Structures are given as C-alpha cells and as structure tokens.
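One structure is given here, and the rest of the page talks about it.
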Amino acid sequence: MDFSASEYQANPQIPIDLFVSKKSGNAGGGSGGLRFADASGNLVYRVESQSHDSTRKRVLFDSAGNALICIARNHKGSWQCFKGNSSEENNLICRVDRTLKSFNSTEFEIFPGGEIGEESKSDFKMKGSPFYRSCTIYRGDTILAQTSLMYKLGIQKVFVSRHKFRLTMFPGFGDHAFVVALIVIYFDGRKLWI
C-alpha cells in the first residue's frame with residue numbers, strides 16, 4: 001500500500017515515541033480530542049470529532065492544521081479511512097473490520113482501499129487489550145507499532161492517568177499518520193473519548 005499522508009519526520013533507524021493524551025472540551029462547548037505529542041511535548045498530530053447527518057467521523061490533523069485522514073465509522077465494528085477530510089470513495093485508503101471483541105481482547109484486520117470484497121486480503125492487523133491501553137499493529141509478521149500505559153519510575157510503579165499512554169512506532173514503515181489513524185480506530189468508543 002502506498003499511503004500519501006504527510007509523515008512525522010524523524011530518524012528512520014530508531015523507534016519513535018509519541019505520547020497520547022485526551023484534550024478536554026474547548027471553551028465553545030465542543031468535545032475534546034486526542035493529542036499526539038513528541039518527547040518534548042510538541043504537538044505532532046491531533047484528532048477532532050465531527051458529525052454530519054448522523055455520521056460520526058474523526059479527522060486526523062498534523063501540527064500545522066492540515067487534514068490528513070478522515071476516519072468514518074460505518075456500522076458496529078467497521079471503519080473506513082479517507083485521504084484528507086473527504087469521505088468520497090476515490091479517496092479511500094482502507095477499510096478496518098473488527099474480527100474479535102471480548103472482555104480483555106480486541107482484534108482488527110485492515111484492508112487496502114481498492115480491495116473491498118470477499119477476495120480482498122488483509123496485510124495489516126491490530127491486536128490487544130483496550131483496557132490496558134495495549135495495542136500492537138502488525139504488517140504480516142512484523143510489528144509496526146505498540147501502545148502501552150506509562151508509569152513513573154521509583155520504588156513502586158505508579159501509573160500515569162489512563163487517558164495518557166505511549167505509542168511507539170518501529171523503523172521500517174514510514175507512514176506514521178496511518179499508524180496514528182489505526183490507533184484512533186482501535187480505541188474508538190472507549191472511555192478514552194469520554
């Protein structure tokens with residue numbers, strides 16, 4: 001797959017950590033969104049909710065405010081990602097289907113945009129436990145990214161708020177915006193958004 005969304009530029013030879021947190025609602029009464037910041041606290045990506053004609057979608061923006069990926073939920077357990085802030089079929093990047101949902105485990109398969117149908121093949125998968133903010137994204141057998149709760153070091157492990165966690169992206173796959181969009185889908189509907 002060739003994803004053309006802009007990418008967070010960094011050394012491609014080392015893992016990249018982004019720190020995910022929920023922004024509280026703004027003064028205008030709007031809902032909060034997710035923020036993805038680097039280790040220095042600089043905003044890299046942000047996600048905002050939008051609603052149109054009973055359609056709920058989330059839009060991934062870069063730090064300059066450019067819309068990168070629109071995430072639309074079709075029906076229970078299925079999402080579509082589009083380039084920019086569009087939901088037109090010619091801008092479809094991928095379809096994401098939930099294949100397993102249990103109390104402590106959730107799995108998804110990701111299908112390329114041009115291959116919707118029974119014969120389509122999934123190269124990407126997501127597996128983990130939303131309760132523990134644990135998600136691993138695979139391309140084939142290769143791990144592309146993982147999320148984990150953060151904790152402070154000391155005599156006892158003290159966990160930071162569950163609304164903050166770490167996303168580690170490993171070398172070898174450069175479309176970080178696509179990975180961030182998958183993380184947004186993985187945690188969609190969880191208390192992270194409340």
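The structure presented is a predicted model; accordingly, all values stated were derived computationally and were not measured. Computed from heavy atoms alone, side chains included, the values below leave out hydrogens, waters and symmetry copies.
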Counting C-beta onward and ignoring hydrogens, is there a side-chain heavy-atom pair between [X] and [Y] closer than 4.5 Å?
X: Val47; Y: Phe36; value: yes
X: Pro112; Y: Cys94; value: no
X: Ile16; Y: Thr168; value: no
X: Ile143; Y: Ile137; value: no
X: Asn85; Y: Cys70; value: yes
X: Phe82; Y: Gln80; value: yes
X: Ser148; Y: Ser134; value: no
X: Phe165; Y: Tyr132; value: no

From [X] atom [atom1] to [Y] atom [atom2], the distance as rounded to the nearest 0.5 Å:
X: Ile14; Y: Met169; atom1: CD1; atom2: CE; answer: 11.5 Å
X: Leu18; Y: Leu34; atom1: CG; atom2: CG; answer: 12.0 Å
X: Leu182; Y: Asp175; atom1: CG; atom2: CG; answer: 9.5 Å
X: Phe108; Y: Asp188; atom1: CZ; atom2: CG; answer: 8.0 Å
X: Phe173; Y: Leu144; atom1: CZ; atom2: CG; answer: 6.0 Å
X: Asp97; Y: Phe111; atom1: CG; atom2: CZ; answer: 5.5 Å

Give a yes or no answer on whether the side chain of [X] reaches the backbone of [Y] with a donor-acceptor pair at less than 3.5 Å.
X: Tyr186; Y: Gly128; answer: yes
X: Ser21; Y: Lys164; answer: no
X: Asn74; Y: Ser78; answer: no

Which residues share a side-chain hydrogen bond (donor to acceptor under 3.5 Å, both in side chains) with Ser87, sequence neighbours left out: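 side-chain hydrogen bond (donor to acceptor under 3.5 Å, both in side chains) check on Ser87 returns nothing, list empty.
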Qualifying residues under side-chain hydrogen bond (donor to acceptor under 3.5 Å, both in side chains), relative to Asn91, sequence neighbours excluded: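 Scan of Asn91 (side-chain hydrogen bond (donor to acceptor under 3.5 Å, both in side chains), adjacent residues dropped) gives Ser86.
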Donor-acceptor pair between Asn104 and Ser129 side chains, under 3.5 angstrom: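 Result is no, nothing qualifies.
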Nearest heavy-atom neighbours spanning Leu60 and Ala177: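 Looks like CD2-O, 3.3 Å.
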Verdict with supporting geometry, Lys127 and Glu109, salt bridge (charged side-chain N to carboxylate O under 4.0 Å, His left out): CA-CA 9 Å; Lys127 298 179 181 182; Glu109 289 191 20; over 6 Å; no
Audit row: Lys83, Leu92, side-chain contact (heavy atoms from CB on, under 4.5 Å) steps and yes/no: CA-CA 7 Å; Lys83 294 176 187 175; Leu92 183 65; over 6 Å; no
Given Ile185, Thr106, Leu167, Thr147, the one that forms side-chain contact (heavy atoms from CB on, under 4.5 Å) with Cys135: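 Testing each of Ile185, Thr106, Leu167, Thr147 against Cys135, the sole residue satisfying side-chain contact (heavy atoms from CB on, under 4.5 Å) is Thr147.
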Co-members of Val59 in a cluster of I, L, V, M, F, W and Y side chains, linked at under 4.5 Å: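 Besides Val59, the cluster holds Phe61.
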Pairing of Arg35 and Glu48 as salt bridge, 4.0 angstrom limit: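 A salt bridge is present here (some side-chain N lies under 4.0 Å from a carboxylate O).
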Working for side-chain contact (heavy atoms from CB on, under 4.5 Å), residues Cys81 and Ile69: CA-CA 6 Å; Cys81 294; Ile69 299 175; 3.9 Å; yes
Arg46 vs Asp62, salt bridge (charged side-chain N to carboxylate O under 4.0 Å, His left out): CA-CA, chis, key distance, verdict: CA-CA 6 Å; Arg46 67 181 170 86; Asp62 65 13; over 6 Å; no
Audit row: Tyr138, Phe124, ring-ring contact (aromatic ring centres under 6.0 Å, His included) steps and yes/no: CA-CA 5 Å; Tyr138 301 89; Phe124 295 86; over 10 Å; no
Step-by-step side-chain contact (heavy atoms from CB on, under 4.5 Å) determination, Ile110 to Arg95: CA-CA 6 Å; Ile110 299 94; Arg95 183 186 86 233; over 6 Å; no
